[in-house]
Number of protein chains: 2
Amino acid sequence: MTAQLPVNQHRSYARAVPKPEVDQTVPLQLSVDRNSPVPLYFQLSQQLEAAIEHGVLTPGSLLGNEIELAGRLGLSRPTVRQAIQSLVDKGLLVRRRGVGTQVVHSQVKRPLELSSLYDDLEAAGQRPATQVLAHTHVPATAEVAARLGVGEGSEVRCVERLRLAHGEPMAYLCNFLPTGLLELETGQLEATGLYRLMRAAGITLHSARQTVGARAATPAEAERLGEPAGAPLLTMQRITYDDTGRAVEYGTHTYRASRYSFEFQLLVRS
Amino acid sequence: MTAQLPVNQHRSYARAVPKPEVDQTVPLQLSVDRNSPVPLYFQLSQQLEAAIEHGVLTPGSLLGNEIELAGRLGLSRPTVRQAIQSLVDKGLLVRRRGVGTQVVHSQVKRPLELSSLYDDLEAAGQRPATQVLAHTHVPATAEVAARLGVGEGSEVRCVERLRLAHGEPMAYLCNFLPTGLLELETGQLEATGLYRLMRAAGITLHSARQTVGARAATPAEAERLGEPAGAPLLTMQRITYDDTGRAVEYGTHTYRASRYSFEFQLLVRS
DNA sequence: TAGTGGTCTAGACCACAAG
DNA sequence: TTGTGGTCTAGACCACTAC
């Protein structure tokens, strides 16, 4: 099924509260395949997202109203709304009652993801490497037990790693995991990131609580990361939960502040 | 309208992949007021959220199925689904096809909000105060112009503030705003936070891009914040956008790492 | 096989914004 | 007044899970 969607372009102008102004209409090719196993609303939202990404739907442009769009595609209005809503949730579209649905103006990227240092480095073309400094089972200290929700003194897995990029140390990672959660080989830990291994083991990561701070490096930390003594370090502690709410990982990480910073996109909850 | 909702309690046990186990049933009081202007799905989601918050719905417990719940409350299934979905989006519930809807196990708090240092301090009972060090209009440097999406050299508002708690400096805040966006009195800036003033001026904050890092304090910065020279500082840069996608604020902040850290909750996008 | 959530329809009425 | 999104209904069929 295929439809030509007229898109009303909007040219913004300097003003405290800009009003939408309709300038022209651009045809937008949309279609859904009812024989596909992909849900119809998802097909539509992906096409709209691609159109926004590729600039076919320009920032500020108005989508046609939902009823007409549904009619053109042969879908019901709730289905079209579901597609649009998913993009509103991603921050790509804004709805205004009595006005319409507009493409957001800014270069909004992705909402914050549960970031993996390994993936971040790889995406930045930094060729990450990992040295496993220690991989043991230890009794949980009071702090670790509280974070992981296990009994104090019960056995937990402890992994200490040094993450490098281009052969230079970037961060020191210390992680604790409940025993029995997954099999972990030291070789695997040197080849990829912890989150990938957990996902591959069938663990569905759901949420995490993070604390980011800074402090001066101790002599041992400075030595480990190749920084001068007293250099500023970026610190991150994180507890990660799976979809049943169990804590599946507690980590204490220190990053060379001269080499790394956290960047993320926030959406204001409405 | 009132209904008794039976809740199947779930007792978890140590296991790599825990299965739900039904132990007992707890009645849950739910009702909706059809004469209220508050949407029905919202009334329901608020009551469910309160029940989770207060421990009436315990972590791991199963909600009854959607059809039955709809019948008990005299609502349609899509309305009940909308209520449940909003809590799933908040990370409070998890749905599993063929199983049911469960309360998440962990102490998941709020998803990440666009944080305001002023509000954070106030919520922590720290009695925040602000010193306005400068409040001027200046030509935009290339960096500020790029961040705010205005022409280089065009006039922008510049605000420099020192944020204190209990009379102690906590952070140095330097912000740039497009001119004409809102009226700002120095007195207002000393009484509350910038975000509150922007919201009060009718600006709908929508998203922000943040970078968090660390570095050693310069002598001037150390002096300003009452830290020794070379002390580690936590730095944050932020561009905030409104719902039309315009950049409405660009800020460069430095925090005393000994006094402040960022804490936030992440939900893994699914 | 039975029960669950996932998806979808074809309507309806209302609240809000704009002209 | 007109048009938009916001909410709601009463069904339907399907996919997945557990027994």
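Numbers restart at 1 for each chain; the letters A, B, ... are given by sequence-line order, proteins then strands.
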Query raised in the report: What is the distance, rounded to the nearest whole Å, between atom CD of Gln102(A) and atom P of dA17(C)?
Result: 14 Å
Requested in this report: Applying side chain to side chain contact (heavy atoms under 4.5 Å, CB included), name anything that partners Thr101(B), two or more places apart in sequence or on another chain.
Outcome: Leu63(B), Ile84(B), Leu93(B), Arg95(B)
Report summary line: 5' to 3', nucleotides 3-8 of chain C under a 4.0 Å protein heavy-atom cut-off (B base, S sugar-phosphate only, - none) gives BBBBBS
Report summary line: With sequence neighbours left out, the residues meeting salt bridge (Lys or Arg N to Asp or Glu O under 4.0 Å) with Asp243(A) are Arg96(B)
Report summary line: Across all chains, not counting sequence neighbours, the side-chain hydrogen bond (donor to acceptor under 3.5 Å, both in side chains) partners of Thr186(B) are His135(B)
Query raised in the report: Ala70(A): what forms a side chain to side chain contact (heavy atoms under 4.5 Å, CB included) with it, not counting sequence neighbours?
Result: Val80(A)
Query raised in the report: For Arg196(A), what residues pass the salt bridge (Lys or Arg N to Asp or Glu O under 4.0 Å) criterion, not counting sequence neighbours?
Result: Asp119(A), Glu122(A)
